[in-house]
Amino acid sequence: MAMKRIGVFICHCGRNIAGTVDVKRVAEEIGKREDVAFSTTYVFMCSQPGQKLIEDSIKEYNLDGVVVANCSPTLHERTMRNAAARAGLNPYRVEIANIREWAAWPHEDNPEAATRKAIRIINATIEKLKANASLEPLEVPVIRRALVIGGGVAGIQAALDLADAGIETVMVEREPSIGGNMFRLSETFPTLDCPQCILTPKMNDVGGHPNIKLYTYSEIEDVSGFMGNFKVKIKKKATFVDWDKCTGCGECLRVCPVSVKSEYDLGMKDRTSIYIVNEQAVPLKALIDQDSCIRLKFEKKVQEGKIKPKKNVKICSKCADVCEPEAIHFKNNEEIVEEEVGTIVVATGYEVMPAEAFPELGGKYPDVITALQFERLLSPSGPTAGVPRRPSDGKIPKSIAFVHCVGSRDPQNGVPYCSRICCMYTIKQAMLVKHALPDTAVYDFYIDIRSNGKGYEEFYHRAKEEYGVNFIRGKVSKVYKVGDKYRVQGVDTLTGRIVEVDVDMVILATAAKGSEGVKELAKKLRIPYDEWGWLKEVHLKLKPLDTPVGGVFIAGAAQFIKDITDSVAQGSGAAAKSLGLLSKPQLEKEPLLARVDTEICAGCGRCKDQCAYGAITIDPIRHVSVVNEALCEGCGACSANCPTTAIQVVNFKKGQIIRAVDILAEVF
Amino acid sequence: MSNDMLKKFIVDAFEKGLIEAVMAPAATKDSYTYALITKKEDVDKITPIAPVMQWNGADMLRRITKLKKSERKLLAILRPCESRTYKELVKFNQINPENIIVLSYDCPGTIHARNFKYEPVEPENLVEEIKNGGKSEKIRDACKVCEYPAPIPGVGDIGLGLVNTDPVFFSLSDKGKEFLGAMGITEGERDADAWVEEHRKRREEWMEKERITGGRKGIEEFLSSCLNCHNCKDMCPICFCKECFFEDHNVFDYESNKFYNWADDKDGIRLPTDRSLFHIGRLIHMGTSCIGCGLCQQACPMDIPLYRLFGIVGNDLQKVFNYKPGVDDNLPPVMEFREDELHEFEGLLGGEE
Amino acid sequence: MELKKIMFYPGCTLKGVAKNLEDSTVESARVLGYDFIELPGWTCCGAVYGLAQDSVKFTIANVRNLIRAQEYAEKIRDNRLVAVCSMCYNNLRRAHLDVMKNRDKLQTLDLFMDEEPDYKGEINVQHYLTFLKEEGFDKIAENVKKPLKGLKVAPYYGCLLLRPDEVAIDDREDPHILEELLEILGAEVVDYPLKNECCGSYHTVDKKEFVAERTFKLVSVAKEVGADIITTSCPLCFFNLDKRQEIAKKKHSGFEHMPIVYFTQLMAIAFGINDDKVLHFEQHYVSPREVLSRWL
Amino acid sequence: MMKYTIKEDPHNDERVREIMEISGENIFACYQCGRCSSGCPMAEFMDVLPNQVFMFLQEGDVDTLLSARTPWVCAACFTCTVRCPVGLDLAAVMEALRELQLRKNYDYVDPYRVENREELPPIALVSNFRKFTP
C-alpha cells in the first residue's frame with residue numbers, strides 16, 4: 001500500500017548543507033505535499049537528539065514512512081533505519097535523500113539551484129519510498145570453521161589468531177611451503193631482524209596447531225555457497241611423493257642429477273628436480289617437479305605415444321633408491337578435497353614486475369635484477385651466503401646502482417601508484433651491501449624517499465650518515481652494457497646535471513602487483529579486483545578488510561602492497577572480522593534481494609549470465625529464473641538486463657525507479 | 001517439382017523411422033500457416049516451400065519446445081532466416097533443440113501476406129525463378145536484400161540446394177550428415193555463390209539508400225502514422241517476452257499535471273507519449289539479435305516500412321559488437337560480459353578525452 | 001612472375017642524396033615480387049610533424065598525399081602505402097592517425113582542400129620493414145643468394161620508427177624487427193644498446209658540432225660492442241652518422257671511421273645485386289666497400 | 001641568478017596558459033622524476049634540463065625559458081615523451097616555447113647563411129627550417 005503519512009527530516013549537517021541549501025524553505029515546500037504528514041530540519045540528524053527527533057515524530061504523527069535528507073546513505077542509512085526500528089517503524093520504510101553530495105557540495109556557488117535541486121531529490125526519494133515494502137532480515141546458519149587462502153605472514157597471522165580462538169581453520173598455500181615472500185627476505189627494515197628467525201616459530205605453530213589443517217602445494221579449485229556456508233574445493237597438486245612417509249631427511253636431493261632454477265630463490269640458485277623448498281620449510285617434505293624429472297618426463301612421453309620404451313631400459317630412480325621410508329612412488333597423486341567453512345580470509349600477497357619488463361633499464365642482462373632477487377643474494381641462507389656476487393660470473397661487485405620507482409608511479413609504462421615498500425627496502429639493501437662489502441660503492445637513484453613509518457626516517461638517515469650510501473635525486477633512463485660494466489645514465493635534478501656512472505650490478509626496485517593468478521581466484525570467490533591484481537575493499541577507510549561478498553575478508557598485500565607490520569595487523573584484523581561472524585549462531589542478511597515474477601519471466605537466462613554471485617538458476621520444469629536468497633547480494637545487475645523486468649530488486653522496482661527518475665529528469 | 005520431391009523425402013523419413021513428426025507450412029484459404037503433422041498420410045496437406053511467411057517458423061518451434069524438449073523426433077522445414085532465428089532462440093533458452101532436425105533450403109523469398117491474399121502465386125513459380133539464379137520482383141523488401149538466402153553450414157542440419165541445379169541435399173551439421181546417411185542420400189553440391197553475392201550487393205546498396213536520416217526528427221516522421229498497436233512486436237520472433245515492458249501501463253501512468261508540465265516545457269507534446277519510446281526501447285532489446293526476417297514490416301497495418309528501422313539499425317548494432325545473430329556460435333552481446341570492448345566509444349559522452 | 005603493384009612513397013631525399021636508399025628499396029622489392037610504383041603526384045611530407053595543437057599546416061601536405069593514395073589504391077586494389085624513409089613514414093602515419101582521431105581537423109582540411117575529394121581514412125601507411133614482415137620474412141629467406149655470414153651489423157632504428165608510441169613499428173625500447181631481418185640475411189647482429197637513440201636530427205644544419213658528438217657516441221659504442229657496420233633506414237640518420245664522422249674524427253683523435261649502410265642495401269647485396277647503379281656507394285662519405293668486399 | 005620572486009599564481013600566468021594551450025599538455029602534472037632529462041640525447045648541450053623546463057613553468061618563469069638555449073637544442077626525438085610516467089609530451093612543450101617566439105616572426109636560423117647547403121639532405125633543411133623559422 002502506498003504510504004500516506006510520510007515524515008521528512010532535513011539535516012543541516014552543520015554548515016555542510018545549510019550553508020548552501022535553504023533548509024527551511026525545503027522543509028516548507030516538501031511539507032505542502034499531501035502525502036507528507038510532517039517535515040522539519042535539524043542541525044545534525046545523526047546525533048542522538050537528531051535520532052530522538054525522528055523516533056518521537058514517528059510516534060507522534062503515526063508516520064508510515066520516513067525520508068531523511070542528509071549525506072550519502074553509505075554513511076548513515078543504517079543509523080536512521082535503526083532509529084526508525086526503535087520507534088516501531090519497519091526500517092525498510094526509511095530512505096535517504098543525499099542532498100549533501102548531490103546538491104549542497106556541487107552547487108556551492110549557486111544556493112538557489114542547490115535548494116531547488118534538494119527539493120527535487122527529496123521529491124524523487126518520496127516517490128521511491130511510497131512503494132517500499134516492509135521487510136524482515138533473512139537468517140542463515142553458520143559453519144564454525146574458517147579458510148585462510150595464502151600462507152604468507154598475513155595469512156599465518158590470521159590462521160593462528162583464528163585457531164587460538166578455538167576455530168578450526170583450513171589453510172591453503174600454493175607453494176610447497178608456507179612463509180610467503182617474507183621468508184625470502186634478507187633482513188627486515190627498520191629493525192634489521194632476520195625474517196627466518198622471527199617467522200619460523202610462527203610457521204611451526206601453524207604446522208603443529210591442533211586447530212589448523214594445512215594444505216600446501218594446493219590451490220582453490222572452486223568456491224560455492226555463501227556467508228556462513230561456503231563449500232570449497234581444493235586441488236592438492238601432484239607431488240609424486242607420499243608425504244605421510246617422507247621425513248624430510250633430504251637424502252633424495254643429494255642424488256638427483258637434474259638441475260633447474262629455484263623458484264624460492266627467484267632464479268638466483270639452482271635446485272634439483274626432487275626438492276625441498278628450504279631447510280626450514282613447513283611442512284618439511286620433498287616433492288618432484290614433473291616438468292624436469294627425467295623419469296616423469298620419460299613416462300609422460302611414453303604415455304603420449306611419442307616414444308616406445310625399449311626393453312630392459314633403466315630409467316633414473318636414484319631418489320627412490322635412496323629413500324629409506326620408501327616415500328617416493330612417482331605416481332600422480334593429484335587430488336581434489338572438499339572443505340566446508342563459514343568465513344574465508346584471502347591473503348594472497350604480491351609479486352614484483354620482472355626486470356625483463358624494462359629493456360631500457362637493461363632488464364635483459366643477468367646482472368640487472370629485481371630487488372626481490374637481490375634479497376636472496378643478501379640473505380645469509382641464500383645462494384651466496386649473504387655476500388652478494390654477480391649472477392653472470394660470480395664476481396664480487398665493486399659498485400652497485402639501485403634504481404627506485406621502476407614501473408611504479410608510472411601510469412604510462414607501469415603502474416600509477418607508489419609501491420610503498422621500495423624506498424625502505426632499497427635503503428636496507430644498500431646498508432646490507434655496505435655491511436657485507438664495505439668497499440663497494442653504492443649509488444641510489446631515487447625520486448622521493450618515502451619513509452612514513454615508525455623508525456623509517458631515522459633508518460634513512462643512518463644510511464646517509466653512517467653507511468656512506470650515495471643518494472642521487474633523479475630517475476635513471478637507460479642502462480646498457482659497456483665491456484664488463486653496466487653504464488647507468490641518470491640525472492641529478494637538484495644540481496641540474498646529467499650523471500653517468502659505470503657499475504657492476506644494477507638493482508631495480510620494480511613495481512609490486514597482486515600475485516599471479518589472483519584474478520582467477522577472485523572470480524571464483526566473486527570478489528572485485530583492479531587491473532593490477534589488488535583485491536578491492538568495500539571502503540578504503542572504514543572497511544579495508546571487507547569484500548562485497550559477505551563472509552569473505554582480505555588481508556595483507558592481497559589488498560595492496562604493504563610492509564610486514566601492516567600485513568600482520570591486517571591478518572589479525574581479518575581474523576577478528578571472521579570471529580565476529582562465527583561467534584553468532586545465526587547470521588542476519590539484508591533482505592534487499594532480487595525476486596522473480598514467475599508470471600512474466602520468459603526464462604531466457606539473461607539475468608543468470610549477468611549475476612556475479614551465481615545466485616540465479618533456471619528452474620528446468622517451470623522454465624523461469626529462481627534466485628538463491630542466501631547468495632543474492634541485491635546488486636540489481638539482473639534487473640537491469642531483464643527485457644521485461646520480470647526480475648527486480650525488492651524496494652527498487654521499475655515503477656519506483658522510473659517515477660524517481662522522471663522527477664529528477666524534469667527540465668530544471 | 002521441389003515441393004513434391006520434399007514431400008517424398010518426408011514420407012521416406014517417416015517410413016525409415018527417422019522422424020515421428022514434421023512441422024512445415026500448409027495452405028489455408030488465403031495464405032499459408034505452419035502445420036504440425038504426425039502421420040505420413042497427412043504429408044500431402046503441407047507445402048514445404050510456401051510463397052508466404054505469415055509467422056516465423058522458429059517462433060512456432062519455440063511454442064512446441066519451450067517448456068520441455070520435443071518428445072518426438074521432429075523434422076522442421078525452415079527458411080534460412082527462420083533457421084537463424086532457431087539458432088538464436090536456442091541461445092536465449094527459448095527452444096530446446098533436442099530431437100529436432102532442421103531442414104532449410106535456397107529460399108526464393110516470400111510475398112507480402114496481404115499482396116498474396118489478393119494476387120496469389122503458385123509456390124513452384126517462385127522456385128522456378130531461382131533455378132536459373134534469378135529472383136521474383138514480387139517478393140518482400142526483406143527477402144530482396146536477404147544476407148543469407150541459402151542454407152548456412154552450422155545453422156540447422158540439412159540443406160536443400162535449388163539454385164542453378166536440380167534439387168540436391170547436403171548436410172549442415174553432423175546430425176544432418178547422419179540423417180542423410182540413414183536416408184541413403186548422397187550429398188550433392190551446387191554453385192549459389194553468385195546468387196548470394198547478388199543479394200548482398202543489393203543489400204549494401206539498399207542499406208545506404210534506405211537509411212533513416214534526420215536524427216530524432218527523421219525518426220519521428222518515419223513513425224508518424226504508427227498506431228501503437230504493437231503488432232510489430234507480436235510478430236517479432238526475438239520479442240519472446242511473455243509480457244512486454246511497454247505493456248505495463250502502471251509504469252507509464254502519470255497524474256495530469258505531469259503531462260501539462262511536459263507540454264509547457266516542450267511547447268506541446270504528442271500523445272500518447274510512449275510511441276517512439278516503444279520502438280526505440282524495442283530496438284535496444286532486440287536489435288543485436290534481429291535476424292532480418294522483416295515480419296515487423298509485414299505486420300504493420302499502416303504499412304510503415306519498419307524493416308528500414310529494425311533491419312538497418314539492427315545490422316549496424318551487430319557490426320558494432322561484431323556479432324551475426326543466428327550464425328555465430330558465441331552468445332549474443334546482451335548475454336555476454338567482456339572486460340575489453342567498445343573502446344572506440346570511450347569519451348563520446350564528454351568524459352575523459 | 002608477375003609483379004604485385006604496391007604504392008611507394010619515396011620522399012624528396014631519396015630523389016637526391018639518397019639514391020642508394022631508393023634504388024636498393026625498389027630493387028630488393030622487385031626480387032621479392034613487388035613492383036613499387038611511385039605514388040602519382042606525391043608532394044613533400046614536411047619532414048617533421050607539427051606538435052602545436054592549434055596548427056594544421058604540417059598536416060595538409062600529408063593528407064593531400066593520403067588523398068592521392070586513396071585514389072590510386074582503388075586502381076590497384078591495395079590500400080597500403082609503403083615508405084622507407086623514417087621521416088616520411090612517421091609523418092604520413094601520424095597525419096593519418098591525427099585526422100582519424102581528430103575529425104574536426106579532418107573536416108577543416110577537407111574544406112580547405114575543396115578541390116580534392118575527402119579523405120576517407122582507409123590508407124594503411126606502412127614502413128618497408130613492417131610491409132616485409134606482414135608479407136612474411138620467409139619470402140626473403142628464399143631469395144638470399146649471398147648470406148652475409150660473418151658481417152657484424154649494429155641495427156640502428158633512430159627515433160621516428162619507434163616514437164611516438166602510436167606509430168612505433170616495434171617495441172620502442174627493445175625493437176627486434178630489423179634484427180630479425182638481418183639474421184635472415186645471414187648477418188651477425190650485435191646487441192647495440194643505442195639502437196633507439198637520437199642522432200641529433202636537423203641540428204646537423206645549424207649545430208653540426210652537437211650532431212658530431214652524437215655521431216661520435218653512437219659510432220664508438222657500436223665499435224665497442226663489436227660491430228663492423230651500422231645499418232639504418234633514415235636518410236637523415238644516415239647522413240649524420242656517415243658524414244658527421246668527419247668532424248668527430250677531427251675532435252676525437254682516437255676515433256675510427258665506421259661505414260653506414262641502409263638495410264635495403266644489405267638486402268640487395270644478399271640477394272646478389274652488385275650493381276653500382278643500385279648500391280650507389282659513391283654517395284657514402286665512409287665507403288662500405290671494404291667491409292662488404294666479401295659479398296660484392 | 002639564484003633568486004626568483006613569484007609575483008602571481010603561475011596557474012594564472014597568461015604565457016604559461018598559452019604554452020599549455022599550444023602544446024595541449026598540463027605542465028602541472030610533472031612530478032619531477034627526471035626521466036626526461038636522463039634519457040635526453042641532447043641534454044648535455046642544454047642550459048636548462050628538460051625536467052627543469054617544467055619546474056620553471058610551474059613557477060611561472062617563462063622569461064628564463066625564452067632566453068634559454070634548450071628549446072632550440074631539443075631534437076624532437078620523443079624519447080622524453082614516450083618515457084614520461086605521467087604521459088606529458090615534453091616535445092610539444094618545447095615546440096610551444098619555440099612557437100611563442102616564432103609566431104612573433106623570429107628567425108632562429110637564417111636559411112641564407114647555412115653552410116654547405118648543397119651537401120645537406122633535403123629533409124635536414126626542411127625539418128630545420130620548419131622548426132626554426134616562422
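To find a chain, count down the sequence lines: A is the first, B the second, and so on, and within it residues start at 1.
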Checklist entry - Side chain, backbone, both or neither: which part of D:Ser23 has a non-hydrogen atom closer than 4.5 Å to chain C? => result backbone
Checklist entry - Between C:Gly46 and D:Arg130, which heavy-atom pair has the shortest distance, and what is it? => result CA-NH1, 3.1 Å
Next on the checklist: Under a 3.5 Å cutoff, is there a donor and acceptor pairing between the side chains of D:Thr81 and C:Arg163?
Outcome noted: no
Checklist outcome for this item: Nearest heavy-atom approach of C:Asn196 to C:Pro193 is OD1-O, 4.1 Å
Checklist entry - Is the number of heavy atoms from other residues, nucleotides or ligands under 6.0 Å of D:Glu14 CD greater than 12? => result no
Checklist outcome for this item: Only one of C:Asp242, C:Leu241, C:Leu194 passes side chain to side chain contact (heavy atoms under 4.5 Å, CB included) with C:Ile230, and that residue is C:Leu241
Next on the checklist: Is it the case that the ring center of C:Tyr262 lies less than 6.0 angstrom away from the ring center of C:His284?
Outcome noted: no
Item to check | Close approach to chain D in residues 51-61 of chain C, criterion heavy atom under 4.5 Å | outcome: C:Leu51, C:Ala52, C:Gln53, C:Asp54, C:Lys57, C:Phe58
Checklist outcome for this item: Distance col, row C:Asn240:CG vs C:Leu218:CG, nearest 0.5 angstrom, shows 9.5 Å
Checklist entry - Between C:Lys249 and C:Glu246, is there a side-chain N and carboxylate O pair less than 4.0 Å apart? => result no
Checklist entry - Can you tell which of C:Arg172, C:His203, C:Met87, C:Lys207 has the highest number of heavy-atom pairs within less than 4.5 Å of chain D? => result C:His203
Checklist entry - So, for C:Phe216 and C:Ala248, which heavy atoms are closest and what is the spacing to 0.1 Å? => result CB-CB, 4.1 Å
Checklist entry - What parts of residues 69-76 of chain D touch chain C if we use heavy atoms and a cut-off under 4.5 Å? => result D:Arg69, D:Trp72, D:Val73, D:Cys74, D:Ala75, D:Ala76
Checklist entry - Between C:Tyr49 and D:Phe78, is the gap from one ring center to the other below 6.0 Å? => result no
Checklist entry - Applying a criterion of heavy atom separation less than 4.5 Å, what residues of residues 12-19 of chain C form contacts with chain D? => result C:Cys12, C:Thr13, C:Val17
Checklist entry - Looking only at heavy atoms, what is the nearest atom pair of C:Cys199 and C:Val211, with distance? => result O-CG1, 3.6 Å
Checklist outcome for this item: Ranked by heavy-atom pairs below 4.5 Å to chain C, first place among D:Cys77, D:Gly24, D:Cys40 goes to D:Cys77
Checklist entry - Between C:Arg214, C:Lys208, C:Glu173, C:Lys217, which shows the greatest number of heavy-atom pairs under 4.5 Å with chain D? => result C:Arg214
Checklist entry - If you round to the nearest 0.5 Å, how far is CD1 of D:Ile19 from CD of D:Glu95? => result 12.5 Å
Checklist entry - D:Val109 versus chain C, heavy atoms under 4.5 Å apart: side chain, backbone, both or neither? => result side chain
Next on the checklist: If you count heavy-atom pairs within less than 4.5 Å of chain C, which of D:Arg83, D:Arg117, D:Glu25 leads?
Outcome noted: D:Arg83
Checklist entry - Would you say the side chains of C:Asp206 and D:Tyr108 form a donor-acceptor pair under 3.5 Å? => result no
Checklist entry - If you look only at pairs with a residue in residues 29-68 of chain D, which of them pass as a ring pair (Phe, Tyr, Trp, His ring centres under 6.0 Å), with sequence neighbours excluded? => result C:Phe210-D:Phe45
Item to check | Enclosure of D:Glu115 CD (heavy-atom neighbours >12, cutoff 6.0 Å) | outcome: no
Checklist entry - What pair of heavy atoms forms the shortest contact from C:Trp42 to C:Gly11, and how long is it? => result CH2-C, 3.4 Å
